[in-house]
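Here the structure is laid out as structure tokens; the discussion comes afterwards.
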Number of protein chains: 4
Amino acid sequence: MGGHWGTRVDIQIFGESHGRGLGIVIAGLPAGESADMAEVARQMARRAPGNEISTARREPDQVEIISGIKDGVTTGSPICGMILNTDARTQDYRAMQTSPRPGHADFTAHARYEGHADMAGGGHFSGRITASLVLAGALTRQYLARRRIVIGGHVASIGGIADRRFETMGADVADFARLYAMDLPVLEEAKGTDMRQLILEAKEEGDSVGGVVEVMACHLPVGLGEPFFDSLESQISHLLFSIPAVKGVEFGDGFALTTMRGSKANDAYKNCDGSPCLATNHCGGALGGLSSGTPLIVRVAFKPTPSIALPQDSVTFADGSASRISVPGRHDPCVVPRAVVVVESVVAMALTDAWLCRYGEKG
Amino acid sequence: MGGHWGTRVDIQIFGESHGRGLGIVIAGLPAGESADMAEVARQMARRAPGNEISTARREPDQVEIISGIKDGVTTGSPICGMILNTDARTQDYRAMQTSPRPGHADFTAHARYEGHADMAGGGHFSGRITASLVLAGALTRQYLARRRIVIGGHVASIGGIADRRFETMGADVADFARLYAMDLPVLEEAKGTDMRQLILEAKEEGDSVGGVVEVMACHLPVGLGEPFFDSLESQISHLLFSIPAVKGVEFGDGFALTTMRGSKANDAYKNCDGSPCLATNHCGGALGGLSSGTPLIVRVAFKPTPSIALPQDSVTFADGSASRISVPGRHDPCVVPRAVVVVESVVAMALTDAWLCRYGEKG
Amino acid sequence: MGGHWGTRVDIQIFGESHGRGLGIVIAGLPAGESADMAEVARQMARRAPGNEISTARREPDQVEIISGIKDGVTTGSPICGMILNTDARTQDYRAMQTSPRPGHADFTAHARYEGHADMAGGGHFSGRITASLVLAGALTRQYLARRRIVIGGHVASIGGIADRRFETMGADVADFARLYAMDLPVLEEAKGTDMRQLILEAKEEGDSVGGVVEVMACHLPVGLGEPFFDSLESQISHLLFSIPAVKGVEFGDGFALTTMRGSKANDAYKNCDGSPCLATNHCGGALGGLSSGTPLIVRVAFKPTPSIALPQDSVTFADGSASRISVPGRHDPCVVPRAVVVVESVVAMALTDAWLCRYGEKG
Amino acid sequence: MGGHWGTRVDIQIFGESHGRGLGIVIAGLPAGESADMAEVARQMARRAPGNEISTARREPDQVEIISGIKDGVTTGSPICGMILNTDARTQDYRAMQTSPRPGHADFTAHARYEGHADMAGGGHFSGRITASLVLAGALTRQYLARRRIVIGGHVASIGGIADRRFETMGADVADFARLYAMDLPVLEEAKGTDMRQLILEAKEEGDSVGGVVEVMACHLPVGLGEPFFDSLESQISHLLFSIPAVKGVEFGDGFALTTMRGSKANDAYKNCDGSPCLATNHCGGALGGLSSGTPLIVRVAFKPTPSIALPQDSVTFADGSASRISVPGRHDPCVVPRAVVVVESVVAMALTDAWLCRYGEKG
């Protein structure tokens, strides 16, 4: 297993859901950047569980900085942040040691790691690992914010109930602030109420629901990205498809572009202070793998949480005999609301890497 | 610009659409693997233009092997394959030197490379660059085929006209062979006829259409992939989003999973010769970023070709004055049919890398 | 700053000498490998200070495993090991905040990290950081030992007093065991006595001495390494020149080869069970960047410890005025004895990576 | 086999000595940098054979640029340069197909590539591959020169006959120009005469000699390098130990530092325009893996050319029977004079990468 990503900001992840803890090493952030740990804590809190629509597991997700930040400023050496596990109930995971849970990595990890993976709580495959991504995101978005780039997101849909989409030419930053404060961030409040209702229904039934997260990054300069292979979309999607439960990614109008004519899908140019700029944003902020100056817009499909209370068919590892598995752990009936900040975070990581590639440490 | 990808098979791409030529270096293929160049030529021909639904540019796309293959066998040293350009008409690209073509990289590349990018024919951003990917794919799929893995694809939709989907539990290899031979590969012939009609209509109107490619890889062992960050989906999507015009990627049921309950979306296990195996394949062949033993299924959204004859609004680089641009070059009214082999190729590259990471050179 | 190395075993280092602690993430060790933590502690103890010829700083260098090892077996996910700092005396480092210590990174780090590097105790540039390398080495050498490869080293010289060299065709493993147990490991005991004397003299004078470490790895299969760029020597030297105070590296007869004729420097072949094998080992175990089947032999030059009590000329950062600096911290008069295990460790890391590249996870 | 190196300038090498040709892809050089191909040709000529002290093989080493440079300016996309082989005499290499030449990669490559490596002329292991490094060096040193950094080298010794060393505080750039023009570049002409004599003697005897190359880079800013692992010395030594025949590398006073006291080895600081700067340069231009502002000085040990006419003991691959091998090809009796520009080139590559990491594309 790898766990490493990035060129100029590089990231190494580690940890298991029910082990000693988890964390991340973030190398390459220039020295002298302020690191507001209260703001980090606010971002961590957005992902942390703690209400009726999320898991009952209580983890404060308190970050301990081991290195790389001193007196609230980056030192230039790799930043290591750790999050200790405090509320693991490993007894809940006994069943899956004998039979794999449908939809989860139990089966594939058992094959790959030949029975040695520490799969309690999902181990290294747990959604809990994304806490480390939020930490990396919380630091990189502070870096970007000082360069005017802001990132926000909302729940675009849950179980088919759809919020309206972001305005493609950019949001008011105040909108982002409002969304950060919501436990189920949506643009249309009524839709949020319906989504919440649906989640609670699924929970009651011992079932789960999925949804779509939409994230937007505003004020990117034109030309960020490292095509051919490290296009902006390549880097962002690479990170997104590492997040557990992600099954689809689209930029701009995405799959809907496949039903348009070119004359409609193309974004014409208009004059902005003497230079070309895009008049529309079907492309979602990237052309030729490089940022286009319009907001970067990405939508991410999350499948329903695989861990459900309803009994499902499985098979015992030992002899292949049929079994029924009901996952008794404390699980989210829907991970989508908590995933918004995770998606924002990996977008921040990718943009910071692209920025440093282009502008260097002094940019 | 980068142009490098991969861990154990690694790839470096180079070239421009209207320059001397283009090519690729493929390092890491073990020595002693046979490299059937006639088969390579067949794959290259699938991407090459040459009929009424593609560009009128005639490029034989003949590959010259510079190194790494001797007497039809890999030597173990990096393979360099070159494709010289023979039919470039650079005069067609004069307009875009003064005004960027909507939907293309002219604008973003001009900003990033500060006017120095060689953008004739789209330069390094041209779809023509994907010829190199097909070469890499043609060699890696031979490697995989000797390890039982076969890859095939079809046009899942064009302009909203949808072919039926692959059977999610696997296709007959004979079906793949039949698809390889079609210039517009579909499972339902009638849909192919409709799609062809739509492409010709768009062509006539000086417009273009987009669509979706679906690719399937069968007979993967369980457990390929390098999560956390280098999950199978991460690696494949990374490569896919480098292909010009790709705007969306989904695995398995993808975005449709967001409207299902977990109890339906999860793939239950059944007994296969004494071990668990998946009874369904909503996940599209990957769980926890590792191959699940079911076919890998990916769908890729291509936007309509941005180069169209219809006049579009643009702005001159020099002074920001309004201009109208009509792209007079020879362009595909729809790249989707030719893109099928490109998607197959990058899937082959990603799987070969994952295979070598797991099993080494002797596996 | 980077801190990442490796292809199939990859390493991310973090930490500062006087911060919360330091550590390393080791990704890529296959699952199911036993990890004997008592043996790890023995290796850590070889580097830890604790006698008259080393610093008076007392650090138990106790490793806490955060992830990746469970019940003494690797799980396949990244291994994170931490070492907390317990005996830092930051007050000793006040002077260098105003004036750089000659021979140390104070000056260059001040320029690069623009005054923000946490340089207490040398910060991320401290020799203390090598404790993490010993941890990585302790785990990888267990991996290698199960594949027959054993690694040992000795002090080849200190201040010009030279031990005899290793027999180039290999050592008795018992010799290695004897060396592991010595605080100043030498082949000729009398030379060790002289070296110890020299170190104590230098210490008394408030000065320091350097020396050469020689390390040998036996029982490598023929053909490990990834030339062109990732030759065995390239990978090993890359790691070695990251160790603070290393200023020279040579393999086999090294610089002495430059005064030989080819007819003498070349290693002829003899018949070993029907195949060629090297009759001598001037090359030091590598030809064309690939292991040759003879022992890998490397010698590493360490400069004298830059931190000395004798006053030296420096200049204040603030205004460029002349200053005199005497380093009052607790320092090794000679790091060479403690460096033996560090050199062995990075050789183990490089060989493990080369092994996994060649043979995969199942090799 | 890999063949890839670098972070922000990255390099992919390919080719075989007697195949179609060889070349290199250089990605990451910013757009808009002028690329003087006449100057490139002059650098290539320094490595090319063509006199009494080098091989009789005549290769014009003419570079064809396939991509990435247009009208003498970089376009920002990967630069591919090819050098076709024209004067290969493969018949000279028949013997080594049955028995390995001592000192060369025949044996190890045979093992690793299981008999499939194309070893004619040394194949991918030939010194001829370094022509590509000189191309990369020729382009990157132009980039560096525009940022004031200049690089020169000389033959420090051959067969024990030693030239005097570079002045450690820097050379007159005029000295470099004088050295570039010499086929056996030395500071003391008389020593050059003796070296030439020694080379001709060895040639007459059918034998070969080795030597040391010393290279210096002047005017580096303080703080280049990416420690911990990618220290300036790590990156440079990594590249150097990929050059065939390199067996030792030292920076500054190197191995000689191991016999000094710290009080002498440390470089004290003096006041330079109000800031500290090094008063001496024992460290060879790097402290803590970062450039120190003094000239970077590296010495590189080359073993004698392994290919000699004198008969040597070998063993046939087929049955292990004894054989005698005399290498009839056209070989250098000493590669050291031609290697000077190769060492300079890889230093240029490493410094360009470090520069881009620090300052970005706009620096």
Side-chain angles (χ1 to χ4, degrees), chain A residues 1-4 6-8 10-34 64-71 73-85 109-110 112-120 123-125 129 361-362, chain C residues 1-4 6-8 10-34 64-71 73-85 109-110 112-120 123-125 129 361-362:
Chain A
M1 267 195 282
H4 182 262
T7 300
R8 289 303 298 146
D10 62 314
I11 300 289
Q12 174 68 49
I13 210 164
F14 60 89
E16 283 131 351
S17 181
H18 283 208
R20 186 78 185 81
L22 49 98
I24 194 164
V25 187
I26 305 158
L29 266 189
E33 294 287 332
S34 69
E64 183 180 10
I65 297 294
I66 305 298
S67 63
I69 295 175
K70 194 177 176 185
D71 304 332
V73 176
T74 58
T75 65
S77 79
I79 298 165
C80 177
M82 292 244 328
I83 301 157
L84 297 182
N85 293 324
H110 190 269
R112 175 61 178 271
Y113 307 105
E114 302 179 358
H116 297 289
D118 173 13
M119 294 303 288
H124 190 60
F125 296 86
I129 299 300
E361 289 181 355
K362 303 180 74 83
Chain C
M1 268 194 281
H4 182 262
T7 302
R8 289 303 296 147
D10 62 315
I11 301 288
Q12 174 68 48
I13 210 163
F14 59 89
E16 283 130 352
S17 181
H18 283 207
R20 185 81 185 79
L22 50 100
I24 194 163
V25 187
I26 305 158
L29 266 190
E33 295 286 332
S34 68
E64 183 180 9
I65 296 296
I66 305 297
S67 64
I69 295 175
K70 194 179 176 185
D71 305 331
V73 176
T74 58
T75 65
S77 78
I79 298 165
C80 177
M82 291 243 328
I83 301 156
L84 297 181
N85 293 324
H110 189 270
R112 175 59 177 273
Y113 306 106
E114 303 179 359
H116 297 289
D118 174 14
M119 295 302 289
H124 191 60
F125 295 87
I129 299 300
E361 290 182 354
K362 302 180 74 86

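Order of the sequence lines sets the chain letters (A, B, ...), proteins ahead of strands, with each chain counted from 1. Predicted, not measured: the structure shown is a model, and the values here were computed from it.
- Contact of A:I65 with chain C is made through the backbone alone, with heavy-atom distances under 4.5 Å.
- Note that OG of C:S67 is 8.5 Å distant from CD1 of A:I129, once rounded to the nearest 0.5 Å.
- Here the CD1 atom belonging to A:I66 is positioned 7.5 Å from the CD1 atom belonging to C:I66, to the nearest 0.5 angstrom.
- Note: A:A31 leads A:A31, A:G115, A:A109 in heavy-atom pairs under 4.5 Å with chain C.
- Counting heavy-atom pairs closer than 4.5 Å to chain C, the top residue among A:Q12, A:H4, A:E114 is A:H4.
- In this structure, chain C has no heavy atom under 4.5 Å from any part of A:L84.
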Given C:M82 and A:M82, is the side chain to side chain contact (heavy atoms under 4.5 Å, CB included) satisfied, shown in steps?
CA-CA 11 Å; C:M82 291 243 328; A:M82 292 244 328; 4.2 Å; yes
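- Residues A:H124 and C:P78 are in side-chain contact: their nearest non-hydrogen atoms beyond the backbone lie under 4.5 Å apart.
- Annotation for C:G32 and A:H116: closest pair CA-CD2, 3.2 Å, computed over non-hydrogen atoms.
- Minimum interatomic distance between A:I13 and C:V25 (heavy atoms only, all atoms of both residues): O-CG1, 4.2 Å.
- Closest heavy-atom contact between A:Y113 and C:T75: CB-O, 3.7 Å.
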